[in-house]
Amino acid sequence: MSYLWVHLPNFAPCFSYLRYMTDRPVRVRFAPSPTGPLHIGGMRTALYNYLFARRAGGTMILRIEDTDQNRFVPGAEEYIRESLAWCGIQLDESPWHGGPHAPYRQSERKAVYEQYAQQLLHSGHAYYAFDTPEELEAMRERFKASKNEFQYNAASRMHMRNSLTLPAEEVARLIASGVPYVIRFKTPLKEEIRFYDLIRGNVVVQSATIDDKVLMKSDGMPTYHLANVVDDYLMNISHVIRGEEWLPSAPLHILLYRALGWEATMPQFAHLPLLLKPEGEGKLSKRDGDKHGFAVFPLQWKNPETGEVSRGFREDGYLPEALINFLALLGWNPGTEQEIFSMEQLIASFSLERVSKAGARFDIHKAKWYNQQYIKALSDEKLAELLLQELDKQAISCSFEKALLIARAMKERISFVHEIITTAKFFFEAPHTYDAETVTKKWNKDAEKVLTIFAEKIEHWQEEFTATTAKNLLNEALAAAGVKPGLVMPALRLAMTGSSGGPDLMDILAICGKDETVRRIQAAVKQLA
RNA sequence: GCACCGUUCGUCUAGGGGUUAGGACGUAUCCCUUUCACGGAUAAAACACGGGUUCGAUUCCCGUACGGUGUACCA
């Protein structure tokens with residue numbers, strides 16, 4: 001008997017876990033607010049929700065949390081939709097797909113929240129408050145002056161202007177007269193709130209540290225706290241998987257579930273670690289991307305007000321599969337040494353238990369490496385296609401056949417498709433200048449002599465000009481002049497590319513073609529003589 | 001300030017009462033390659049600190065430090 005009692009606290013997590021294991025269908029939601037482009041951290045939250053849902057054979061829901069009309073940004077919702085689609089995160093229910101719990105936009109569910117706010121009012125869990133924002137601000141200032149922090153809570157609520165302190169007739173009169181008011185939650189004075197977070201374990205918070213949060217704003221819209229609890233209940237959400245920034249308000253939400261009588265079907269919580277700045281302190285922000293020259297948004301975004309453009313991973317040349325793989329492993333690991341995961345593999349291996357607790361610094365180098373891995377895994381045809389798209393953007397014309405050859409030659413030398421055009425520009429135009437160091441080191445009279453013979457031989461060649469024929473003709477020229485290849489190859493490369501690096505030389509010759517090769521050799525001989 | 005969460009190589013992380021503390025990115029060197037990559041090999045590189053508990057702690061407990069988040073009629 002005592003044995004059991006002593007060990008009971010240790011079992012608490014197990015009990016919670018058992019409840020989580022009950023056969024309640026898994027329904028998760030990703031709930032962004034359309035206040036701007038979706039941050040990469042938000043993408044990861046969406047991803048984890050998606051993986052968790054698919055793994056459990058559950059449902060992935062997207063809900064737009066647009067209860068703040070002041071922060072609404074046109075285009076943001078469409079941006080969210082496009083970002084998720086680009087990454088391959090499929091939605092089962094959403095404002096765009098519909099579903100049994102529509103509408104999925106909180107601004108369209110106003111009446112619902114009003115109803116539950118009234119319920120809380122009637123049950124004594126909430127009250128009307130008439131304090132103006134100015135009054136509250138003044139209050140905060142006053143407290144700050146005496147080195148205290150103002151909290152609208154059990155200690156102060158009886159000194160404020162609300163339905164707890166004002167006579168009922170006065171309250172009715174104020175409401176009837178149309179003065180703005182909010183509805184606040186009457187946080188219990190002394191209550192211990194415990195819950196089991198699927199990532200963090202047991203969390204205990206005293207209700208005294210939670211203030212009387214606003215539930216309904218004076219514009220008739222609910223705050224996040226009320227709206228998310230009501231919607232999660234109504235939409236039958238089984239697991240709330242969200243960022244760590246919500247951890248401090250989770251106890252409030254639990255109190256709300258209790259007050260509404262919904263504790264039995266309350267979802268399980270899992271608070272994800274944050275994505276941190278690559279260096280220094282704080283969470284990853286848009287500034288970091290600008291500062292270090294990388295994207296923190298999935299897609300390019302143009303601020304409709306300022307016209308300012310923020311770069312996106314897509315436009316920077318990342319493949320969605322690579323981004324997803326990178327993001328998935330930032331805060332989660334499979335427990336094996338596997339690094340490369342397709343979406344299907346991620347779904348098969350994902351679990352919240354293996355999500356780490358600590359925030360992860362965002363390292364763009366790893367993202368780049370992932371992209372390289374995925375580029376290497378692409379078929380030549382696919383890479384050629386992507387190259388053609390990229391060339392098109394820069395108004396460079398190229399045949400599919402040539403693009404295919406270039407793709408094959410460059411595949412293992414790049415991390416991004418666009419690098420083919422920047423680092424191997426010579427495929428598309430003759431070099432304008434020759435790298436000075438390479439000229440002094442590698443250009444010589446012997447090379448000049450051989451290359452002249454070589455060019456003549458090519459000119460007379462009547463059949464198809466392949467890498468093999470190029471090689472043969474060069475060997476003939478070398479033999480004729482009695483010069484070793486080592487003296488000529490770098491010089492030939494210089495003539496063709498203007499520099500010293502790049503793919504196989506004979507491939508370059510073949511890809512550039514017979515006429516262009518001759519032209520470049522002649523130009524180099526003339527210019528470097 | 002208060003509340004909550006966290007802390008293993010520079011970074012992402014594995015591990016877990018006794019390990020040569022493992023992998024990956026990045027860095028360096030070497031091999032392959034007439035170049036550049038790819039690939040292969042090697043190297044440098046970590047348990048924040050202080051107390052407990054224990055035969056033994058990086059691992060468990062408690063403090064401290066540091067970091068993060070929250071503390072809005074924002075989400």
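What's counted below: heavy atoms across the whole structure, side chains too, no hydrogens, waters or symmetry copies. First the proteins, then the strands, lettered A, B, ... as listed; each starts at 1.
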Separation of B:rU33 atom P from A:Glu412 atom CD, nearest Å, is 16 Å
Which residues share a side chain to side chain donor-acceptor pair (under 3.5 Å) with A:Asn162, sequence neighbours left out: A:Tyr152, A:Thr165
Between P on B:rG6 and CG on A:Leu272, what's the gap in Å once rounded to a whole number? 14 Å
NZ of A:Lys144 versus C1' of B:rC2: gap in Å, rounded? 13 Å
Whom does B:rU35 pair with, Watson-Crick or G-U wobble, provided both distances fall under 3.5 Å? none
d(CE, A:Met506; P, B:rU35) in whole Å: 13 Å
Please give the distance between the C1' atoms of B:rC62 and B:rG68 as a whole number of Å. 22 Å
Under the side-chain contact (heavy atoms from CB on, under 4.5 Å) test, which residues partner A:Thr433, sequence neighbours left out? none
With rounding to the closest Å, how many angstrom separate the C1' atoms on B:rA75 and B:rC66? 29 Å
Quiz question: going by heavy-atom distance under 3.5 Å, is there a donor-acceptor pair between the base of B:rC36 and the side chain of A:Arg413? yes
Identity of whatever pairs with B:rU69 - Watson-Crick or G-U, under 3.5 angstrom: B:rA3
Distance, C1' atom - from B:rA43 to B:rC9, rounded to whole angstrom: 14 Å
Identity of whatever pairs with B:rC30 - Watson-Crick or G-U, under 3.5 angstrom: B:rG40
N/O donor-acceptor pair, side chain A:Arg493 with base B:rU35, under 3.5 angstrom: yes
Within the supplied structure, the quantity of interest is the number of heavy atoms (other residues, nucleotides, ligands) at a distance under 6.0 Å from A:Lys411 NZ; does it exceed 12? yes
Within less than 4.0 Å of OP1 or OP2 of B:rU13, is there a side-chain N or O belonging to A:Asn333? no
Hey, do the aromatic rings of A:Tyr224 and A:His253 have their centres closer than 6.0 Å? yes
Between B:rG10 and B:rC47, how far apart are the C1' atoms? Round to whole Å, please. 16 Å
Distance between P atoms of B:rC2 and B:rC25 (Å, rounded): 44 Å
Pairing of A:Asp66 and A:Arg105 as salt bridge, 4.0 angstrom limit: no
Please confirm whether A:Phe297 and A:Phe313 have ring centers closer than 6.0 angstrom. no
Side-chain donor-acceptor contact under 3.5 Å, A:Asn333 with A:Arg354: yes
Nearest-Å distance for atom pair OH/C1', residues A:Tyr196 and B:rC5: 15 Å
Under a 3.5 Å limit on both distances, the Watson-Crick or wobble mate of B:rC55 is B:rG18
Say you pick atom P in B:rA45 and the same atom in B:rU53; how far apart are they, in whole Å? 34 Å
Identify whether any heavy atom of A:Thr209 sits under 4.0 Å from a base atom; if not, whether one sits that close to sugar-phosphate; answer base, sugar-phosphate or nothing. sugar-phosphate
Base, sugar-phosphate, or nothing: which does A:Arg242 touch, judged by heavy atoms less than 4.0 Å apart? nothing
Please list each protein N or O that sits under 3.5 Å from an N or O in nucleotides 60-62 of chain B, with the distance.
none

Please say whether more than 12 non-hydrogen atoms of neighbouring residues, nucleotides or ligands are located less than 6.0 Å from NE2 in A:His365. no
Rounded distance (Å) that lies between atom C1' of B:rC25 and atom CG of A:Leu330: 12 Å
Do the ring centers of A:Tyr48 and A:Trp332 come within less than 6.0 Å of each other? no
Is A:Val488 touching bases, backbone alone, or none of the nucleic acid, heavy atoms closer than 4.0 Å? nothing
Sequence neighbours left out, what passes side chain to side chain donor-acceptor pair (under 3.5 Å) with A:Lys441? Give chain and number order. A:Glu437
Distances under 3.5 Å between protein N/O atoms and the N/O atoms of nucleotides 42-50 of chain B, please, pair by pair.
none

Provide the distance between the two C1' atoms, one in B:rA72 and one in B:rG52, to the nearest whole Å. 43 Å
Applying side-chain contact (heavy atoms from CB on, under 4.5 Å), name anything that partners A:Glu448, two or more places apart in sequence or on another chain. A:Trp443, A:Lys445, A:Val525, A:Ala529
Any-strand Watson-Crick or G-U partner of B:rC74, both distances under 3.5 Å: none
Take atom C1' in B:rC32 and the same atom in B:rG39, then report the distance between them in whole Å. 8 Å
RNA chain B nearest-nucleotide lookup for A:Lys147 and A:Gly501: closer to the 5′ end is A:Lys147
Pairing residues for A:Ala322 by the side-chain contact (heavy atoms from CB on, under 4.5 Å) criterion, not counting sequence neighbours: A:Leu319, A:Tyr370, A:Asn371, A:Tyr374
Does the structure show a Watson-Crick or G-U wobble partner for B:rG10, both distances under 3.5 Å? Name it, or say none. B:rC25
Answer with base, sugar-phosphate or nothing: what part of the nucleic acid does A:Gly331 contact at a heavy-atom distance below 4.0 Å? sugar-phosphate
May I ask you to decide if A:Ala436's main-chain N or O and A:Thr440's side chain share a donor-acceptor pair within less than 3.5 Å? yes
Along RNA chain B (nearest heavy atom to each residue), the more 5'-positioned of A:Gln206 and A:Ala360: A:Gln206
What residues form a side chain to side chain donor-acceptor pair (under 3.5 Å) with A:Arg287, not counting sequence neighbours? none
Nucleic acid footprint by protein, nucleotides 69-75 of chain B - heavy-atom cut-off 4.0 Å, B for base, S for sugar-phosphate alone: BS-SBBB
Take the protein atom CG of A:Leu252 and the nucleotide atom C1' of B:rA3, then report the distance between them rounded to whole Å. 13 Å
Considering only NZ, NE, NH1 and NH2 on the basic side and carboxylate oxygens on the acidic side, decide whether A:Lys277 and A:Glu279 come within less than 4.0 Å. no
Those residues at least two apart in sequence (or on a different chain) that pass side-chain contact (heavy atoms from CB on, under 4.5 Å) with A:Lys110 are A:Met221
Could you pull out every donor-acceptor pair under 3.5 Å between side chains of residues 178-189 of chain A and any protein atom, sequence neighbours left out?
residue  : atom : partner  : partner atom : Å
A:Arg184 : NH1  : A:Asp212 : O            : 2.7
A:Thr187 : OG1  : A:Asp211 : O            : 3.1
A:Thr187 : OG1  : A:Asp212 : OD1          : 3.3

In residues 363-377 of chain A, which residues come under 4.0 Å of RNA chain B by heavy atom? A:Asp363, A:His365, A:Lys366, A:Trp369, A:Gln372, A:Lys376
Whole-Å gap separating P (B:rC4) and CD1 (A:Ile193): 11 Å
